[in-house]
Protein chains: 2
Amino acid sequence: MSDKPQTPTPLPAPATDPSAQTPRSLARAETERLILKAAEDVFAEYGFKGATTGKIADRAGIPKANLHYYFSTKEALYRQVVENIFQIWLDAANTFDDCDNPEEALTRYISAKMDISRQHPMGSKVWANEILHKAPVIQDYLETTLGEWTDTRIAVIERWIAEGRMAPIDPRSLLYMIWATTQHYADFNHQIHTLNNGEPLSDAQFERAKETVVAIILAGVGIRPAGLETKQNGGRA
Amino acid sequence: MSDKPQTPTPLPAPATDPSAQTPRSLARAETERLILKAAEDVFAEYGFKGATTGKIADRAGIPKANLHYYFSTKEALYRQVVENIFQIWLDAANTFDDCDNPEEALTRYISAKMDISRQHPMGSKVWANEILHKAPVIQDYLETTLGEWTDTRIAVIERWIAEGRMAPIDPRSLLYMIWATTQHYADFNHQIHTLNNGEPLSDAQFERAKETVVAIILAGVGIRPAGLETKQNGGRA
DNA sequence: ATGAAACCTGACCAAACGGTCAGGAAGACG
DNA sequence: CGTCTTCCTGACCGTTTGGTCAGGTTTCAT
């Protein structure tokens, strides 16, 4: 590996107050977190090539050489950023599995993905950039983890359709539609921002967008065809 | 200006056969087209920074210095590529206006945008890249042309809603959903390709996706097409 | 034919970038 | 205190890249 100068795992004390004394291992973790945050922002805004280690170091408030002390190469840093994002998405994806009710499962999944776009737009942008450029770093994730996740979810949707609980739409296209729409609010937030009179979406505007997306998709797949706003939430399983 | 060494507009003859003799002005136009096509591909695959004039020249089959004879700077070439794409989208946007029937207008618009994603995926990717990176080159387009187009279309949708021809959804969110979903098939085609067992979507698969997108959105906004066979509105789960 | 304009190209350059390195500062531990 | 390890940094280097330039070749009107 040699990405980092190895963690010696000293762990001298439980460190009751992380912000005051900052023992060695905590200071290291904190600095890594700082660099990763800066890297996420810069990679999102400029892409892999456009981002420079100098810019990332500046945003993290450290000299470039120090950044290379924590992450030996630009690519190692980038890969760590992408993996963090993928993990967040995988966690959110589990909201899909928590119940067997199509209405609730879809509502929760779409809401979770919209919330991630709101809270981690930079991560989504890095992912988008990576796919746009043919996934030179994360192709293996696409082929394994994402592929398996997609296949199992498609099976679930197909079962719901067979059981007459959804209209017979193409499940794969539905998933792509959900991904595309929810991530659009992160990846294209600059365009949305511009079209909103130069102001970022307010919380109320974003909630309305989220509700609209949920409403259109649920109605679109034949769930609760009439009720668009009548939030009456049936019993859970 | 000085982007090009100015077109002297000689136009020596009507040039009845463009492919044979290639008079001056035609050869120039042809070379420019070749460069622009190569540039679109390379910019789409590598982003603005990742693309190099050397790579573009290679793909166009000309020396780098010759490329700079036609386009003085990388940025001028990039801007030309982006403007071409925007024009294609604007043309497609007109399909929205050709009729006052929400079902037909939406169907035609979505279909047109899906077809563009199929036929000009590289252009869509360049646009996506530009928005991801905060539109450093085309911010003015967003603020003027795109903003005006969006506002007028929103007014049309609001009228349809007021006339009871559509469910009362948020028109802006609907437009974003259409953009996101249709462009997803271009911008994320590498991911789609990977999730399709490494094969690009066949024409049949793509047609099915297009129909699914149209069906979900039409049903989602409360328009009952003659299409979808099952699930007429009315049944509450 | 002939000269001018347009077109083409190998060789080159300055700037920017990723990454290295030698050496200094700061904490840990006896 | 001394010394060992970790952490930090200015200065530097080889490569890549956008763009230039001098000079050659082709086209075309006269």
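All values below were derived from every heavy atom in this structure, side-chain atoms included, with hydrogens, water molecules and symmetry-related copies excluded. So you know, we letter chains A, B, ... as the sequences are listed, proteins then strands, and number each from 1.
Ring-plane geometry between B:Y141 and B:F86 is classed as tilted, the angle between the planes lying from 30 to 60 degrees on a 0 to 90 degree scale. Relative ring orientation between A:W179 and A:W149 is described as tilted, the plane-to-plane angle lying within the 30° to 60° band.
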Checklist entry - Once each nucleotide of nucleotides 10-23 of chain D is scored for protein heavy atoms under 4.0 Å, what B/S/- sequence comes out, 5' to 3'? => result B------SBBBB--
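For the pair A:Y69 and D:dC8, the criterion of a side-chain N or O lying under 4.0 Å from OP1 or OP2 is not met. For the OP1/OP2 pair of C:dA6 and a distance below 4.0 Å, the side-chain nitrogens and oxygens of B:R28 include no atom meeting the criterion. Distances shown here put a side-chain N or O of B:Y70 below 4.0 Å from the OP1 or OP2 atom of C:dC8.
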Item to check | Step-by-step salt bridge (Lys or Arg N to Asp or Glu O under 4.0 Å) determination, B:E40 to B:K37 | outcome: CA-CA 5 Å; B:E40 184 177 302; B:K37 177 75 179 82; 5.0 Å; no
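Between the C1' atom of C:dG19 and the OH atom of A:Y78 lies a distance of 20 Å, rounded to the nearest Å. For the pair A:D58 CG and C:dA16 P, the computed distance is 14 Å after rounding to whole Å. Residue A:L34 contributes atom CG, which lies 15 Å from atom C1' of D:dC7 at whole-angstrom precision.
Taking 4.0 Å as the cut-off between side-chain N and carboxylate O, B:R172 and B:D151 count as a salt-bridged pair. Under the 4.0 Å criterion applied to side-chain N and carboxylate O atoms, A:E30 and A:R33 are assigned as salt-bridge partners.
Remark: the backbone N or O of B:S124 is not paired with any side-chain donor or acceptor of B:Q183 at under 3.5 angstrom.
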